[in-house]
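This structure is in structure tokens; I'll ask about it shortly.
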Amino acid sequence: MDNANNVTEFILLGLSQNPKMQKIIFVVFLVVYIVCMVGNVLTIVTIITSPLVGYPMYYFLAHLSFIDACYSCVNTPKVIIDSFYEKKTSPFNECMTQVFGEHIFAGADVILLTVMAYDRYVAICKPLHYTTIMNRRLCGLLVGAVWVGGFIHSTIQIFFIISLPFCGPNVIDHFMCDLNPLLNLACTDTHILGFFVPANTGLICLLNFLLLIGSYVIILRSLRAHSLEARRKALSTCVSHITAVILFLVPCLFVYLRPTVTLPVDKAVSVFYTMLTPMLNPLIYTLRNDQMKNAIRKLCSRKVISGDA
């Protein structure tokens with residue numbers, strides 16, 4: 001394959017080319033970004049400054065918030081900045097970096113959601129052995145595996161896409177650089193290569209989704225032997241996690257578990273899992289969790305007291 005590239009930058013059409021809509025995009029996504037960063041940073045600080053950090057569920061939640069904050073920084077700031085410009089460009093190297101960033105954090109996110117489901121499975125189905133199984137060493141190893149898995153997945157993606165020749169055109173009908181739009185611009189036959197996306201990204205999403213669904217089927221079946229109060233507490237935790245899984249993985253499956261075809265609805269779906277889901281996760285895990293709400297109140301009261309001192 002000829003690896004020569006004549007393309008030095010890509011032109012992004014963005015979410016809209018209407019000047020009035022651009023102003024709305026700026027305001028909406030600035031608010032989304034601020035809420036996302038404040039929510040995730042607050043979650044991280046609350047957990048690491050409280051006894052909750054000693055519990056595996058909250059230890060993993062702090063890492064999820066860190067990943068979501070990083071993931072939000074890959075695309076959202078560029079969408080906000082691009083809303084000021086009629087012509088939106090992305091240099092070749094910046095575009096490849098964006099692809100790498102998207103997939104390292106998205107890959108880590110997917111794997112961590114599976115790890116969190118395993119944590120809930122052990123807590124509910126094997127409560128007497130929970131502290132023995134989910135010890136600090138295993139939790140550290142699982143988080144390490146999350147980052148290694150995300151890095152390997154993203155490295156495979158970037159080596160695959162960077163090896164393709166791009167000789168023009170260079171217009172991407174999207175607000176970000178991603179695999180499917182870039183494959184459509186490659187100056188080579190991508191019919192066979194197009195199956196790489198569902199075989200890699202799509203398959204990872206599908207396998208983790210099936211693992212998650214399977215684990216929660218087992219959890220829900222095991223709850224029949226528990227008391228009503230125990231079922232209520234377990235379901236409260238599980239519902240938050242299932243909601244986060246659906247919000248992130250279902251849009252990913254829609255985009256990546258199909259041959260390389262770009263659909264008009266892809267932009268809206270991509271906005272959902274790259275920007276809205278990282279913003280919603282802190283709300284999902286906090287609003288239904290009394291321990292998190294109490295920890296946030298204590299953190300805020302400490303700040304007020306220290307400020308008055």
Side-chain angles (χ1 to χ4, degrees), residues 56-57 59-61 63-64 67-68 71 102-127 130 133-134 138-139 141-157 160 178-180 194-226 231 234-261 263 265-266 269-270 272-274 276-278 280-281 284-285 288:
M57 182 177 78
Y59 176 73
F60 294 136
L61 179 57
H63 282 278
L64 180 68
I67 291 170
D68 282 339
Y71 191 31
E102 288 164 14
H103 287 273
I104 190 172
F105 296 122
D109 210 323
V110 171
I111 299 170
L112 183 55
L113 288 173
T114 306
V115 168
M116 293 172 75
Y118 174 72
D119 171 67
R120 291 300 85 206
Y121 162 76
V122 176
I124 294 168
C125 298
K126 300 182 180 181
Y130 178 69
I133 296 173
M134 299 303 296
L138 179 62
C139 290
L141 288 173
L142 289 172
V143 169
V146 164
W147 285 107
V148 170
F151 179 79
I152 291 172
H153 165 68
S154 190
T155 301
I156 292 171
Q157 303 287 52
F160 164 72
D178 201 9
L179 299 177
N180 287 340
F195 288 101
F196 172 82
V197 174
N200 185 5
T201 306
L203 190 60
I204 289 173
C205 291
L206 180 61
L207 287 176
N208 281 277
F209 185 72
L210 293 176
L211 281 171
L212 288 161
I213 295 300
S215 67
Y216 278 106
V217 168
I218 296 171
I219 289 171
L220 292 174
R221 289 185 64 183
S222 71
L223 285 176
R224 293 182 298 181
H226 290 65
R231 287 202 298 267
L235 283 173
S236 177
T237 304
C238 291
V239 165
S240 297
H241 190 64
I242 291 170
T243 303
V245 167
I246 291 173
L247 288 176
F248 186 72
L249 279 180
V250 171
C252 287
L253 288 169
F254 175 81
V255 172
Y256 295 112
L257 198 63
R258 66 171 198 250
T260 310
V261 178
L263 303 176
V265 74
D266 282 353
V269 175
S270 297
F272 201 86
Y273 72 82
T274 61
L276 297 184
T277 300
L280 293 172
N281 276 346
I284 292 168
Y285 283 103
R288 297 181 59 87

Verdict with supporting geometry, V265 and F254, side-chain contact (heavy atoms from CB on, under 4.5 Å): CA-CA 10 Å; V265 74; F254 175 81; 3.5 Å; yes
Counterpart residues, side-chain contact (heavy atoms from CB on, under 4.5 Å), relative to A123 (two or more places apart):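 With neighbours one apart ignored, the set is R120, Y130.
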Heavy-atom pair with the smallest gap, counting every atom of F105 and I67: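 Minimum heavy-atom contact is O-CG2, 3.4 Å.
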Nearest heavy atoms of P251 and I246, plus distance in Å: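 Answer, listing the atom of P251 first, then I246: CD-O, 3.5 Å.
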Spatial distance of atom CG (N281) from atom CG (L276) [nearest 0.5 Å]: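 So the gap between those two atoms works out to 11.0 Å.
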Contact summary for L113 and L212, nearest pair of heavy atoms: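 What the structure gives for the nearest pair is O-CD2, 3.3 Å.
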Heavy-atom pair of closest approach, residues W147 and H63: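 Scanning both residues, the minimum pair turns out to be NE1-ND1, 4.4 Å.
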Side-chain heavy-atom pair Y256, D178 within 4.5 angstrom cut-off: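 Yes, their side chains come closer than 4.5 Å.
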Parallel, tilted or perpendicular: rings of Y216 and H241 (30°, 60°):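 Judged by the thresholds at 30° and 60°, the geometry between H241 and Y216 is tilted.
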Test item: F248 and F209 side chains (from C-beta on) under 4.5 Å apart, heavy atoms: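 Counting from C-beta outward, F248 and F209 never come under 4.5 Å.
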Stepwise side-chain contact (heavy atoms from CB on, under 4.5 Å) test for C125 and I218: CA-CA 8 Å; C125 298; I218 296 171; 4.3 Å; yes
Separation of L203 CG from L253 CG (nearest 0.5 Å):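 The CG atom of L203 is 10.5 Å from CG of L253, to the nearest 0.5 Å.
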Interatomic spacing from OG1 in T114 to CG in L211 - rounded to 0.5 Å: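 If I round to the nearest 0.5 Å, the distance is 6.0 Å.
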Those residues that, when tested against F160, pass ring pair (Phe, Tyr, Trp, His ring centres under 6.0 Å) (two or more places apart):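 Partners of F160 by the ring pair (Phe, Tyr, Trp, His ring centres under 6.0 Å) criterion, ordered by chain and then number, come out as F196.
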Note, M134 side chain near L142 side chain (heavy atom, < 4.5 Å):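 Side chain of M134 against side chain of L142, heavy atoms only: contact under 4.5 Å found.
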Donor-acceptor contact present, side-chain N208 to main-chain I204, <3.5 Å: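 Present.
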T277 versus L247, closest heavy-atom pair with distance: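 Minimum heavy-atom separation between T277 and L247: OG1-O, 3.2 Å.
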Spatial distance of atom CG (L61) from atom CG (L112) [nearest 0.5 Å]: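 Separation between the atoms: 9.0 Å.
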Neighbour count above 12 (heavy atom, 6.0 Å) for F151 CZ: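 No, CZ of F151 has 12 or fewer neighbouring heavy atoms, counting only those of other groups under 6.0 Å.
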Test item: L64 and Y285 side chains (from C-beta on) under 4.5 Å apart, heavy atoms: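 Yes, their side chains come closer than 4.5 Å.
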side-chain contact (heavy atoms from CB on, under 4.5 Å) assessment of Y118 paired with I133: CA-CA 11 Å; Y118 174 72; I133 296 173; 3.8 Å; yes
Rounded distance (nearest 0.5 Å) linking atom OG of S215 with atom OH of Y121: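 S215 OG to Y121 OH: 9.5 Å, rounded to 0.5 Å.
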Audit row: T201, H153, side-chain contact (heavy atoms from CB on, under 4.5 Å) steps and yes/no: CA-CA 8 Å; T201 306; H153 165 68; 3.3 Å; yes
Closest non-hydrogen atom pair, I284 against S240: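 Shortest heavy-atom separation between I284 and S240 comes out as CG2-O, 3.3 Å.
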CD1-CD1 distance between I219 and I124, expressed to the nearest 0.5 angstrom: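 Nearest 0.5 Å value for the CD1-CD1 distance: 4.5 Å.
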pair Y273-L249: side-chain heavy atoms closer than 4.5 Å: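 No, their side chains stay 4.5 Å or more apart.
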T274 side chain to S270 backbone, donor-acceptor under 3.5 Å: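 Pair found, side chain donor or acceptor close to backbone of S270.
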